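Read the structure below first, then the notes.
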Number of protein chains: 2
Amino acid sequence: MKPIHVGLIGAGTVGGGTATVLKRNAAEISRRAGREIRLFMAADRDLVRAREVCGDDVLLVDDAFAVATHPEVDIVVELIGGDTVAKEVVLKAIEHGKHVVTANKKLLAIHGNEIFAKAQEKGVTVAFEAAVAGGIPIIKALREGLSANHIEWIAGIINGTSNFILTEMREQGSDFADVLKEAQRLGYAEADPTFDVEGHDAGHKLTIMAALAFGIPMQFDKCYLEGISRLDGRDIKYAEELGYRVKLLGLTRRTDKGVELRVHPTLIPEGRLIANVNGVMNAVLVKGDAVGPTLYYGAGAGALPTASAVVADIVDVTRLATADPEHRVPHLAFQPDQLQDLTILPIAEVVSSYYLRIEAADRTGVLADITRLLAEQGISIEAVIQKGVNPAAPAEVVLLTHRVEEKKVDAAIAAIEALESVAGKVVRIRMEELNG
Amino acid sequence: MKPIHVGLIGAGTVGGGTATVLKRNAAEISRRAGREIRLFMAADRDLVRAREVCGDDVLLVDDAFAVATHPEVDIVVELIGGDTVAKEVVLKAIEHGKHVVTANKKLLAIHGNEIFAKAQEKGVTVAFEAAVAGGIPIIKALREGLSANHIEWIAGIINGTSNFILTEMREQGSDFADVLKEAQRLGYAEADPTFDVEGHDAGHKLTIMAALAFGIPMQFDKCYLEGISRLDGRDIKYAEELGYRVKLLGLTRRTDKGVELRVHPTLIPEGRLIANVNGVMNAVLVKGDAVGPTLYYGAGAGALPTASAVVADIVDVTRLATADPEHRVPHLAFQPDQLQDLTILPIAEVVSSYYLRIEAADRTGVLADITRLLAEQGISIEAVIQKGVNPAAPAEVVLLTHRVEEKKVDAAIAAIEALESVAGKVVRIRMEELNG
């Protein structure tokens, strides 16, 4: 059988990894795929780098569209990222009847509905295992492995940079700013870390997983995003005293009222496996009604782990490249005419437990006031610790609440902050048991 | 499109779970599969139970072969277990052009080569996600999700009964016999627990995973099996003092000399995620050259978790039922003409680290003797603890060795047991770092 021709767009970190894996494991990959998979062509603005990455026998161009439209390219691998040129080039490739493999979470979370519709129309596949959690085959698990299940919720550590920072903050007792600098030095964080530490990246990935799990369109614009940059080391320490770890979680849950879609720092019980996922590693916990909880763990980024997912998609597409489109696995797990338009819940309507830290300027009667204001909102308390043994200094009250609608907590916080005996802002971190 | 007709053979625990999941999630499943999946027919010796499990609208028979040959059955689901009738009925179904879904690890580990060859010849699929680790989609991960990788090794907690017993032994400080009774009472262990606690079940599952990972035939007869029934609670305690947990692992590793294929109790560092998989849960750690370590965790048994895997296979087969066989994913990850005949290493040639416990009848000079005998075999020591503070009673010496070929440890143990100052047998437990 004639080799499958891959056209690579973007010869950076992941592009280089993809070229390496295709070459290094060529024999094993074709033993699996049933035909040779050949890196035929690559586009990059830096042709010198591209030549180094791809080797001598690959056709190189500096124009992404030349790959997307080349008649001898079967599969276009888009690795330039972003949602401007990448979008145009992916749509162009689809128009030209190419299958597409992409690692671009932003592109799919924002323009996925348009891209998958176009792919459906043209009878081509757009595969995106590498877009979520790097080398962990979580897309395949959600789309195929768990297809018997009514999926109830997903909780994922899906941003390695943030998880590295949180791990270091806990282990070293360091502040966010210091650890961020270390992460930048180690290459785990970008010079502008906003995309990672403010939850955007996790939000893109979560949006894609929610679409697959629940059969809904991509709705990134409705995803609640709260990052880790304002986390205080104290709260990580207090959480630990109470038996919890703080993780940046992407959480999506199907409820009777709608779908929760939210990224934020979260207290989780230290005994959960996912609470012990440290450093840059990723993990996704999926709860299905039949299978119960399942967890998928591995490297969420990096040249070779991400290339592992890119190349697995290339193998999948190769196996089905000449198959009738109706025999393929649907892009978003559900058949394209079977998507549902479930409401995404605003964060105020989400139900969660909460960790609250309150600084008491004057400690006389403050705990009584606080508990009264919580009770007025129907919020019951699971645990309280009072910090600060020096009567001259302000005391800290740390509370864990039972599950309650977020808007009630908002109201209680506003009332507590208005107390004369309370200084400054109340710190609020959401808390999830992840057990059902 | 006309519904896919499923014929169920065996309406016991997993059969009942399969009927439940197919019915309960019917709408969601057909939204994914693109057509209705209907439980059309079932066979069981107990027709009353079968009627309860399957409902009124299913054709019931007491003859498994009637399902395997029924012209209106598209997919035969074999859930009777064992390798006698199950083998005949699966081969009969294949002969009649039926796709087969099975949860039968023993059947595949022992007769898989014959069954897959026959399926290949007849152009049908034999799917077996439920045969390994229950609801965890590990077969799909190995076969498709990690297809870019040169897989180096797999380490799995793949027998829930044994893991439950080991967890209780550690947490309660109880003996094997007592915990086994509790497990039997809870329904986690069979009346005759041999199959689970002596490693047979884990060996079957490991054999299947090794075939998928390395592209080799099933070779269960060469799998080394050592169970947990002779484990002493003391060794679990000492291991913990040294920072290790004892787990029954299925381990398969590709080395230059051949493939390791072995099931035995294993010390693993307590910091590893897999060391913290407790109770009846399963987890499989897979090391690929590109992706690095990835871990898959979930329920390894039970009606609904296993049904989750069975029904996922039914959905997969449904999507591809009318596709040209050449577009299907190969049964064992590699194309059938691309299997390799790698040697399975005898346990004596496996390289591992070891935990040794030696009872010293007379403590004078015994440690010097032991270390000399180890040194004579080229075995270096990583850690030693000496137990027993009462000079009148025998002391215990606990040693951790560096990595060495097993036959050298065998020789050293024989020499140590021959010492006059040593009482009884040396306890030996293998140890794996699982880090590379």
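Because the structure is a prediction, the values reported are computed rather than measured. Numbers restart at 1 for each chain; the letters A, B, ... are given by sequence-line order, proteins then strands.
- When A:Ala33, A:Ala307, A:Ala303 are compared by the number of non-hydrogen pairs under 4.5 Å with chain B, A:Ala33 comes out ahead.
- Checking side-chain atoms of A:Arg32 against main-chain N and O of B:Ser147 turns up a donor-acceptor pair under 3.5 Å.
- By the 4.5 Å heavy-atom criterion applied to side chains, A:Tyr296 and B:Thr294 are not counted as neighbours.
- A 4.5 Å side-chain heavy-atom check between B:Arg31 and A:Gln340 finds at least one atom pair inside the cut-off.
- Heavy atoms closer than 4.5 Å to chain A are found in both the backbone and the side chain of B:Glu28.
- Residue B:Val277 comes nearest to A:Leu273 through the heavy atom pair CG2-CD2, 4.0 Å, listed as atom of the first residue, atom of the second, then distance.
- Contact annotation for A:Asn149: both backbone and side-chain heavy atoms come within less than 4.5 Å of a heavy atom of chain B.
- Using a 4.5 Å cut-off between heavy atoms, A:Asp289 contacts chain B through both its backbone and its side chain.
- Inter-residue side-chain proximity for A:Ser30 and B:Gln338 is flagged as unmet; no heavy-atom pair is nearer than 4.5 Å.
- Counting heavy-atom pairs closer than 4.5 Å to chain B, the top residue among A:Gly17, A:Gly298, A:Gly145 is A:Gly145.
- Contact count versus chain B (heavy atoms, under 4.5 Å) is highest, among A:Ile37, A:Val311, A:Val291, for A:Val291.
- Residues B:Val21 and A:Ala148 come closest through the heavy atom pair CG1-O, 3.5 Å.
- The choice from B:Ala309, B:Gly34, B:Ala290 that makes the most heavy-atom pairs within less than 4.5 Å of chain A is B:Ala290.
- Considering only heavy atoms from C-beta on, B:Arg319 comes within 4.5 Å of A:Pro330 through its side chain.
- Counting only heavy atoms from C-beta outward, the side chains of A:Asn276 and B:Asn276 never approach each other to under 4.5 Å.
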Do any side-chain atoms of residues 133-141 of chain A form donor-acceptor pairs under 3.5 angstrom with protein atoms, and if so which ones, sequence neighbours left out?
residue	atom	partner	partner atom	Å
A:Lys140	NZ	A:Glu144	OE1	3.4
A:Lys140	NZ	A:Asp316	OD2	2.7
A:Lys140	NZ	B:Glu144	OE1	2.7

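- Legend: residues meeting ring pair (Phe, Tyr, Trp, His ring centres under 6.0 Å) with A:Phe116, ordered by chain and number and at least two apart, are A:Phe128, A:His331.
- With a 4.5 Å cut-off on non-hydrogen atoms, A:Leu22 does not touch chain B at all.
- In this structure, chain B has a heavy atom under 4.5 Å from the backbone of A:Arg143, while its side chain stays farther away.
- Both the backbone and the side chain of A:Ile151 come within contact range of chain B, each with at least one heavy atom under 4.5 Å from a heavy atom of that chain.
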